[in-house]
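Shown next, in structure tokens, is the structure this report addresses.
Chain letters run A, B, ... following the sequence lines, proteins first, then strands; residues in each count from 1.
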Protein chains: 2
Amino acid sequence: MSQGHHSRGETLLFLTDAQLRAGIEAMFFAYRGFTADPDRILARYGYGRAHHRAVHFINRWPGTTVNNLLAILGVTKQSLNRVLRTLIEDGRVESRVGERDKRERHLYLTEIGRALEAELAEAQSARMRDAFRRAGPDAVAGFREVLEAMMEEEQRRQFRGTAEAAE
Amino acid sequence: MSQGHHSRGETLLFLTDAQLRAGIEAMFFAYRGFTADPDRILARYGYGRAHHRAVHFINRWPGTTVNNLLAILGVTKQSLNRVLRTLIEDGRVESRVGERDKRERHLYLTEIGRALEAELAEAQSARMRDAFRRAGPDAVAGFREVLEAMMEEEQRRQFRGTAEAAE
DNA sequence: AGTTTAAGTCAGCTTTGTTGACATTCCAAG
DNA sequence: CTTGGAATGTCAACAAAGCTGACTTAAACT
């Protein structure tokens, strides 16, 4: 059992198995809380988490192509397509054939699509804001650092892209 | 955008939409990284995330009953049962009739069940340890605080239970 | 004796992932 | 110019893992 043996001049962390396991369980429980509010809203519309993710990232990058979205979401195109199809049928997403390259489809939220996105974002932001307020500014910075360090390399690059585009 | 502004007193935080959205996306990407390694291992055994969760918590609380596990995992018994049945058939989990109350089944990992758990835990811990080391001790404390604040009330109580039992 | 509780089963449905096959479009080599 | 391959997106079918509802069995409680 890895005794967290301190060490190094720099990091000097006692990381026992118990601490790591607590971190793992915290991720599990927190992620459930994180998705709970949107899930309730989505259920009212007959949507699932996959719809939420699509709507979120289309809102984030209007005009993105299906392929772009695939790379961000990390699912197969067939899986994304099903979700996209229902959103388009319901008039929440618009798919425009590319002008330069007609193979591509550019995706946009419609008026009611934006309304849905706003409703979901507000619910999720409220919980995040609450958690941030309770934990305080220093904790928030640490939270972000650890999460970023936990991503796969490719996701980290994507995240940095979105995060700085956000400022 | 979003100047973090540190007015103290309590926790005055300026939380812009961009900051909150970055937090939301960080959770999304980090959770994917968090589950990526175990997913690869599970696939080799023909298991899924549901099996991982069951094995994790049975290891955590040996002798726990089916009902306990249901409360922790937050799924229906039909759903859990399917997973549990395959784990028992494969000889990774043992189900013992309760001595005090014979209606109950107490769950334990077998030798090979513990081996699987250890393999999964090691992979997930490695990434967590790495993230913790890179982010540093203060960041880790913040990470834990924010995650705990993000859980639903009931999950938070459960987590505190597991976390302190861990120390 | 009658009710409640714990566990499990059967059936059927939904969401969201997967592969495989296929149509359309673009582009570049011949 | 044509043609063959790569890129993009769609359709079909299947699997994992959630869900609800109805029910059984055994044990415990009152």
Side-chain angles (χ1 to χ4, degrees), chain A residues 28 31-32 35-36 38-58 63-90 93-108, chain B residues 28 31-32 35-36 38-58 63-90 93-108:
Chain A
F28 170 64
Y31 199 77
R32 274 229 308 245
T35 53
D39 282 354
R40 279 184 279 265
I41 294 168
L42 290 160
R44 291 209 314 267
Y45 292 91
Y47 294 144
R49 268 181 217 178
H51 298 83
H52 184 185
R53 295 196 283 265
V55 163
H56 174 97
F57 284 105
I58 293 171
T64 188
T65 64
V66 172
N67 239 9
N68 273 339
L69 213 46
L70 249 35
I72 293 169
L73 297 176
V75 296
T76 60
K77 59 185 175 174
Q78 294 88 334
S79 189
L80 174 60
N81 197 258
R82 182 174 23 204
V83 162
L84 235 33
R85 195 167 49 220
T86 71
L87 287 170
I88 291 168
E89 280 169 8
D90 295 352
V93 167
E94 194 192 346
S95 164
R96 294 187 208 149
V97 172
E99 293 184 2
R100 218 183 40 225
D101 187 335
K102 287 178 190 153
R103 290 172 304 181
E104 295 180 336
R105 299 295 130 88
H106 297 273
L107 303 169
Y108 301 88
Chain B
F28 170 63
Y31 198 76
R32 272 230 308 247
T35 54
D39 283 353
R40 279 185 280 265
I41 294 168
L42 290 160
R44 292 209 313 267
Y45 293 90
Y47 294 144
R49 268 181 217 177
H51 299 83
H52 185 184
R53 294 196 285 266
V55 164
H56 174 97
F57 284 105
I58 292 171
T64 188
T65 63
V66 173
N67 245 5
N68 274 339
L69 210 49
L70 287 176
I72 293 169
L73 298 177
V75 297
T76 59
K77 63 179 174 179
Q78 293 90 332
S79 192
L80 175 59
N81 201 256
R82 187 169 23 197
V83 163
L84 232 35
R85 196 165 47 217
T86 71
L87 287 170
I88 291 169
E89 280 168 8
D90 295 352
V93 168
E94 192 193 348
S95 166
R96 293 187 210 149
V97 172
E99 292 185 3
R100 216 183 42 225
D101 186 335
K102 289 178 192 154
R103 292 171 305 177
E104 295 178 338
R105 300 295 132 86
H106 298 272
L107 303 169
Y108 300 88

Just the rounded figure in Å: distance from [atom2] of [N] to [atom1] of [X].
X: A:Leu73; N: D:dG9; atom1: CG; atom2: P; result: 13 Å
X: A:Glu89; N: D:dT10; atom1: CD; atom2: C1'; result: 13 Å
X: A:Asn81; N: D:dA12; atom1: CG; atom2: P; result: 12 Å
X: A:Arg96; N: D:dT8; atom1: CZ; atom2: C1'; result: 19 Å
X: A:Leu70; N: D:dT10; atom1: CG; atom2: C1'; result: 13 Å
X: B:His51; N: D:dA15; atom1: NE2; atom2: P; result: 15 Å

Which letters describe nucleotides 20-30 of chain D, given B = protein heavy atom under 4.0 Å from base, S = only from sugar-phosphate, - = neither? BBB---BBS--
Side-chain donor or acceptor of A:Arg85 under 3.5 Å from a matching atom on the base of D:dG9?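 No pair found.
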At 4.0 Å (heavy atoms only), tell me whether [X] reaches a base, stays on the sugar-phosphate, or touches nothing.
X: B:Gly46; result: nothing
X: B:Gly74; result: sugar-phosphate
X: B:Arg49; result: sugar-phosphate

Does CD in B:Glu99 sit with more than 12 non-hydrogen atoms of other residues, nucleotides or ligands closer than 6.0 Å?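 Not buried by this count: 12 neighbours or fewer within 6.0 Å.
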Could you tell me whether a side-chain N or O of A:Arg32 sits under 3.5 Å from a main-chain N or O of B:Leu73, the two making a donor and an acceptor?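 Confirmed, A:Arg32 side chain pairs with B:Leu73 backbone.
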Find out whether A:Ile58 and A:Leu84 are in side-chain contact, i.e. whether some heavy atom of one side chain is under 4.5 Å from a heavy atom of the other.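 Heavy-atom side-chain distance check passes, below 4.5 Å.
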Quick one: on DNA chain C, does B:Asn68 or A:Leu80 contact a more 5' nucleotide (nearest heavy atom)?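 It is B:Asn68 whose nearest nucleotide is closer to the 5' end.
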5'-most by nearest nucleotide on DNA chain C - A:Ala50 or B:Asn67: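 Upstream on the strand: B:Asn67.
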Where does the chain A footprint on DNA chain C start and end, counting 5' to 3' with a 4.0 Å heavy-atom cut-off?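 Counting from the 5' end, contacts occupy C:dT15 to C:dC26.
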How long is the span from the OG1 atom in B:Thr35 to the CZ atom in B:Arg49, to the nearest 0.5 Å?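 These two atoms lie 3.5 Å from each other.
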How many angstroms lie between atom CG of A:Leu69 and atom CZ of A:Arg105, to the nearest 0.5 angstrom?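 Spacing of CG (A:Leu69) from CZ (A:Arg105) equals 14.5 Å.
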Give the ring-plane orientation class for B:His52 versus B:His56, where under 30° counts as parallel, over 60° as perpendicular and anything between as tilted.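 B:His52 vs B:His56 ring planes: perpendicular.
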Is a side-chain donor-acceptor pair under 3.5 Å present for B:Tyr45 with B:Asp90?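 No, no side-chain donor-acceptor pair sits under 3.5 Å.
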Heavy-atom pair of closest approach, residues B:Lys102 and B:Val97: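 Result for this residue pair: O-CG1, 3.4 Å.
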With B:Tyr31, which residues qualify under ring-ring contact (aromatic ring centres under 6.0 Å, His included), at least two apart?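 For B:Tyr31, the residues satisfying ring-ring contact (aromatic ring centres under 6.0 Å, His included) (neighbours in sequence not counted) are A:Tyr31, B:Phe34.
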